[in-house]
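To start, the structure under review is shown below, and the notes come after it.
Only a predicted model underlies this, so the values are computations on that prediction, with no experimental measurement involved.
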Amino acid sequence: MKRINFYLFIAALVVLDSVLLRSPNLLGKIGLIIYKYHYLRTFPKTLVTVSLVVGVAVALAEAVRFFVQRGIWKRSVGQVILSLLLLAAVSMLVKTAVDFTAWSYSHTGLRFRLGAYLLPAILAVVFGYAWGTLRVPHEPFPESPVMNQQTPPDKTTP
């Protein structure tokens with residue numbers, strides 16, 4: 001149930017990010033036309049774009065969780081993969097912050113910039129949640145070898 005609530009929260013963030021990315025100011029709209037960002041021109045295109053990016057991230061995170069829970073990969077391998085994906089998302093967030101302090105992107109409007117920051121932040125949250133909730137696969141308790149040994153017969157019986 002916790003995962004369902006988490007992914008409903010992520011879906012709400014996807015819609016919010018699409019709304020924010022779809023509302024640049026006049027200079028931002030001109031920039032969308034000049035740089036041919038056709039996938040951000042209308043709300044449905046923006047929603048599909050953001051949904052696909054977040055959907056791929058969720059699929060990657062769930063695939064790693066699946067492989068670890070089935071015992072195909074060890075937990076440490078899953079943690080390393082999710083850590084690398086989390087590091088990639090955080091580096092995308094840093095690159096976005098650096099890019100949007102440049103002159104051309106800094107005048108696109110506050111809502112557009114917040115939407116640009118929100119997408120890599122959503123990816124970081126998805127990978128961080130998957131890393132934090134990665135379960136240890138169930139290992140049965142080993143039996144004691146003493147229980148399987150035969151007891152020697154009594155020497156007192158004739």
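Taking the side chain to side chain contact (heavy atoms under 4.5 Å, CB included) definition, one finds that L110 meets it with R113, L114, sequence neighbours left out. Residues passing the salt bridge (charged side-chain N to carboxylate O under 4.0 Å, His left out) test with R3, sequence neighbours excluded: E62. Every residue meeting the side chain to side chain contact (heavy atoms under 4.5 Å, CB included) condition with L52, not counting sequence neighbours, appears here in chain and number order: V48. The side chain to side chain contact (heavy atoms under 4.5 Å, CB included) search around T49 returns Y39, not counting sequence neighbours. Every side chain to side chain contact (heavy atoms under 4.5 Å, CB included) that A124 has, sequence neighbours left out, goes to L86, A89, V90. Under the rule for a ring pair (Phe, Tyr, Trp, His ring centres under 6.0 Å), the partners of F6 that lie at least two apart in sequence or sit in another chain are Y129. Residues satisfying the side-chain hydrogen bond (donor to acceptor under 3.5 Å, both in side chains) test with S51, not counting sequence neighbours, are none.
Applying the side-chain hydrogen bond (donor to acceptor under 3.5 Å, both in side chains) definition to pairs two or more places apart or across chains, those involving residues 76-88 are S83-W131. For residues 88-109, the pairs satisfying salt bridge (charged side-chain N to carboxylate O under 4.0 Å, His left out) are K95-D99, with sequence neighbours left out. Applying the ring-ring contact (aromatic ring centres under 6.0 Å, His included) test to pairs two or more places apart or on separate chains, those with a residue in residues 47-72 are F67-W73.
Between T133 and R65, the closest heavy-atom pair is OG1-NH2, 3.3 Å. Pairing each heavy atom of L123 with each of A57, the nearest pair is CD2-CB, 3.5 Å. The minimum heavy-atom distance linking A97 with Y117 is given by the pair CA-CE2, 3.5 Å. Closest non-hydrogen pair, L21 versus F112, comes out as O-CD1, 3.2 Å. The shortest non-hydrogen separation linking L82 to A61 is CD2-CA, 4.1 Å.
V19 places none of its side-chain heavy atoms less than 4.5 Å from the side chain of T46.
Of the inter-residue distances, the one linking L60 atom CG with L85 atom CG reads 6.0 Å to the nearest 0.5 angstrom. Here the OG1 atom belonging to T96 is positioned 11.0 Å from the CG atom belonging to L118, to the nearest 0.5 angstrom. The CZ atom of R135 sits 11.5 Å away from atom CZ of R75, with the distance rounded to the nearest 0.5 Å.
A 6.0 Å sphere centred on CZ of F9 holds no more than 12 heavy atoms belonging to other residues, nucleotides or ligands.
Clustering ILVMFWY residues whenever any of their side-chain heavy atoms sit less than 4.5 angstrom apart, transitively, puts L87 in a cluster other than the one holding I81. Each of V80 and L134 belongs to its own hydrophobic cluster when Ile, Leu, Val, Met, Phe, Trp and Tyr are linked at side-chain heavy-atom distances under 4.5 angstrom.
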